[in-house]
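Presented below is the structure to which this report refers.
Heads up: numbering here begins at 1 and tracks the sequence. Whatever order the structure lists them in is the order used to number ligands and atoms, beginning at 1. Side chains included, hydrogens not; waters and symmetry mates left out as well; all remaining heavy atoms used.
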Amino acid sequence: MNKTSERTARKTVLSGIQPTGEVHLGNYLGALRQWVHMQDEYECFYSIVDLHAILGEDDPADLPARTLDMAISILAVGVDPERCTLFVQSDVPEHVELAWLFNTVAPVGDLERMTQYKDKSKRYESIPVGLLNYPVLQAADILIYRADAVPVGDDQRQHLELTRDIARKWNARYGEYFPEPEAIIPEVGRIKGLDGKAKMSKSLGNTVSILADEEGVWESIRRAVTDPQRVRRDDPGRPEVCNVFSLHQLVTDASLIPDIEEQCRAGTRGCVDCKRILADSLVREFAPFRERAEHLRTHPAEVRGVLEAGADRARDVARETLAEARSRMGIKWRSAL
Ligand code: AMP
Ligand code: TRP
């Protein structure tokens, strides 16, 4: 099948993840698990978004290592380069040019209303314009593949709304070209961190890593907050307010859930034992990921090869879209005069 017919045969998906170095359970259940599931039905482009990551405070010296680690984690959970295109955002500079073209239609007012911008801008005395423009680059990431669907966690809903607005505004001015992509948000919603309060997030230190070994999983789960009213081992518990129980519902074999719930309510199983079961479930779920990651870590050339081939493939599509967008915006004096 040639590229054009392949592109029209299936709908297109794009998603992105920052190279934070660690993939945690929230990323996995909230986003990456969908990446894996969507590979057969859609033509998928998955990007490690290093140009977004440089807005953070992480040390630039280890960005390359974090990028490679993220690629390993993505491949370890089952994203298969034979069935999708995995690449690093900065390898496809066309994203940045399209972001500039979109800057000409993206409303400042809308950008200022983004929750993530409002939160993060508080940390700065002088706010970098890149923080405000972050969602414009995200829109370019998506629309340069003319993606129809974007699997993301619940926290990205607003950025997707803005992407649709940008597509709509651009189309209104330059003619119908970009689709209005749909956010595909898993039912699990936002996964709470092990503190039982905020969303699971690396910067809050409330995560369990998907590549943790048995000891690492237990180290994280052992500290997880349960029902605060349960002080003694045999106090009756309230599964409906317990985050460990919520996690059980997401990862533990469904046939075990009724017993876990009943014994918690009756106070016949203590929180530590209950956490042991959760840790076992996670270790079992993560085992194949760890095995694949181990292989990839010892074969970095394989990972580089995947990313290089991915970038070539992504660029072919990105160039085509950018050429059309430039032309419609009048950036074509060489061919026009
Ligand atoms: P990030 O690490 O912030 O780049 O997030 C990568 C992906 O994981 C995005 O699609 C997020 O929406 C998703 N994600 C991150 N944290 C969570 C969470 N606690 N619950 C659900 N999804 C999440
Ligand atoms: N903003 C996203 C996050 O923080 C990452 C991202 C960048 C993204 N570009 C994207 C997600 C394009 C989906 C599609 O998680």
Side-chain angles (χ1 to χ4, degrees), residues 12-36 38 44-56 58 66-67 69-70 73-74 77 79 85-90 92 95-96 98-99 102 111 114-117 119-120 130-131 133-164 166-167 181-210 243 246-247 250-251 314 318:
T12 302
V13 151
L14 174 121
S15 195
I17 190 163
Q18 296 201 33
T20 48
E22 182 204 42
V23 171
H24 56 70
L25 186 65
N27 299 137
Y28 177 62
L29 297 176
L32 286 184
R33 191 164 61 171
Q34 300 210 91
W35 290 23
V36 177
M38 294 179 100
C44 295
F45 292 87
Y46 296 134
S47 184
I48 301 171
V49 293
D50 53 350
L51 294 169
H52 278 109
I54 53 177
L55 275 163
D58 294 320
R66 279 186 274 124
T67 302
D69 280 350
M70 184 50 77
S73 296
I74 293 171
V77 299
V79 166
T85 302
L86 176 66
F87 67 100
V88 178
Q89 183 189 33
S90 61
V92 188
H95 291 217
V96 182
L98 187 63
F102 285 163
L111 292 169
M114 295 292 118
T115 317
Q116 189 175 309
Y117 172 72
D119 285 350
K120 295 206 168 157
L131 195 68
N133 274 356
Y134 178 112
V136 181
L137 180 58
Q138 182 163 351
D141 294 339
I142 297 167
L143 294 172
I144 204 156
Y145 303 99
R146 278 172 289 149
D148 306 285
V150 185
V152 275
D154 182 64
D155 58 344
Q156 294 300 311
R157 204 183 279 277
Q158 218 186 12
H159 287 164
L160 257 293
E161 227 11 85
L162 186 81
T163 300
R164 296 163 64 86
I166 289 176
E182 194 191 337
I184 311 276
I185 295 169
E187 271 173 35
V188 297
R190 238 170 256 214
I191 309 297
K192 266 198 210 154
L194 299 176
D195 53 5
K197 290 194 201 99
K199 78 162 190 177
M200 189 175 283
S201 162
K202 192 182 178 209
S203 57
L204 300 174
N206 61 5
T207 62
V208 51
S209 162
I210 58 148
N243 191 39
S246 311
L247 293 173
L250 297 170
V251 296

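Remark: minimum distance from atom 11 (C) of ligand 1 to any protein heavy atom is reached at Asp155 OD1, 3.3 Å. Among protein heavy atoms, atom 19 (N) of ligand 1 sits closest to Ile191 O, 2.8 Å. The protein non-hydrogen atom at the shortest distance from atom 15 (O) of ligand 2 is Gln156 NE2, 3.5 Å. Of the protein's non-hydrogen atoms, Gly153 N, 3.0 Å is the one closest to atom 10 (O) of ligand 1.
Per-residue contacts place Gln18 under 4.0 angstrom from the following atoms of ligand 1 (heavy atoms of the residue considered): 4 (O). Within ligand 1, counting atoms from 1 as listed, the ones closer than 4.0 Å to a heavy atom of Gln156 are 12 (O). Counting atoms of ligand 2 from 1 in the listed order, those under 4.0 Å from a heavy atom of Val152 are 11 (C), 13 (C). Annotation for ligand 2: atoms under 4.0 Å from non-hydrogen atoms of Gln18 are 4 (O). Near His52, the atoms of ligand 2 lying under 4.0 angstrom from a non-hydrogen atom of the residue are 7 (C), 9 (N). Set against the non-hydrogen atoms of Gly30, the atoms of ligand 1 under 4.0 Å away are 21 (C), 22 (N). Residue Val49 has at least one heavy-atom neighbour below 4.0 Å for each of these atoms of ligand 2: 7 (C), 9 (N). Close approach of ligand 1 to Val152 is summarised as follows: ligand atoms under 4.0 Å from at least one heavy atom of the residue are 10 (O).
Residues Met38 and Ile184 have side chains in contact (heavy-atom distance under 4.5 Å, counting atoms from C-beta outward). Residues Asn206 and Lys192 fail the side-chain proximity criterion, which asks for heavy atoms closer than 4.5 Å. At a threshold of 4.5 Å between non-hydrogen side-chain atoms, the residues Val13 and Tyr46 count as touching. Contact of the Asp69 side chain with the Glu22 side chain is not registered, since no non-hydrogen atoms from C-beta on lie closer than 4.5 Å.
Contacts between Ile142 and ligand 2 below 4.0 angstrom, taking non-hydrogen atoms only, involve the side chain exclusively. At a heavy-atom distance under 4.0 Å, only side-chain atoms of Val150, from C-beta outward, approach ligand 2.
With sequence neighbours excluded, no residue satisfies salt bridge (Lys or Arg N to Asp or Glu O under 4.0 Å) with Asp195.
The closest approach between Gly189 and ligand 1 falls below 4.0 Å for a heavy atom of the residue. For His24, the heavy-atom gap to ligand 1 drops under 4.0 angstrom.
Considering Ala53, Ala31, Gly26 only, the shortest heavy-atom separation from atom 17 (C) of ligand 1 involves Gly26. When the options Thr163, Leu143, Asn27, Leu14 are ranked by their closest heavy atom to atom 14 (C) of ligand 2, first place goes to Leu14. Which of Leu25, Thr207, Asn27 comes nearest to atom 15 (C) of ligand 1 through a heavy atom is settled by distance: it is Asn27.
Val23 approaches Asn27 most closely through the heavy-atom pair CA-OD1, 3.6 Å. In this structure, Arg157 and Ile185 approach most closely via the heavy-atom pair CZ-CD1, 3.6 Å.
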TODO: Given side-chain contact (heavy atoms from CB on, under 4.5 Å), test Arg33 with Val188 step by step and report yes or no.
DONE: CA-CA 11 Å; Arg33 191 164 61 171; Val188 297; 4.3 Å; yes
TODO: Go through Thr12 and Arg146 one step at a time and tell me if the side-chain contact (heavy atoms from CB on, under 4.5 Å) criterion holds.
DONE: CA-CA 7 Å; Thr12 302; Arg146 278 172 289 149; over 6 Å; no
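For His95 and Tyr145, the ring centers sit closer than 6.0 Å to each other.
Neither side chain, Gln116 nor Asp155, offers a donor N or O lying under 3.5 Å from an acceptor on the other.
Distance CD1/Ile17 to CG/Asp50: 13.0 Å, rounded to 0.5 Å.
For the side chain to side chain contact (heavy atoms under 4.5 Å, CB included) with His24, the qualifying choice from Ile210, Ile191, Thr207 is Thr207, the only one to do so.
For ligand 2, the polar-atom distance check finds an N/O of Gln138 within less than 3.5 Å of one of the ligand's N/O atoms. At least one N/O-N/O distance between Asp141 and ligand 2 falls below 3.5 Å. The shortest N/O to N/O separation between Tyr134 and ligand 2 falls below 3.5 Å. For the pair Met200 and ligand 1, the shortest N or O to N or O distance falls below 3.5 Å.
Judged by distance alone, the side chain of Gln158 and the main-chain N or O of Thr115 form a donor-acceptor pair under 3.5 Å.
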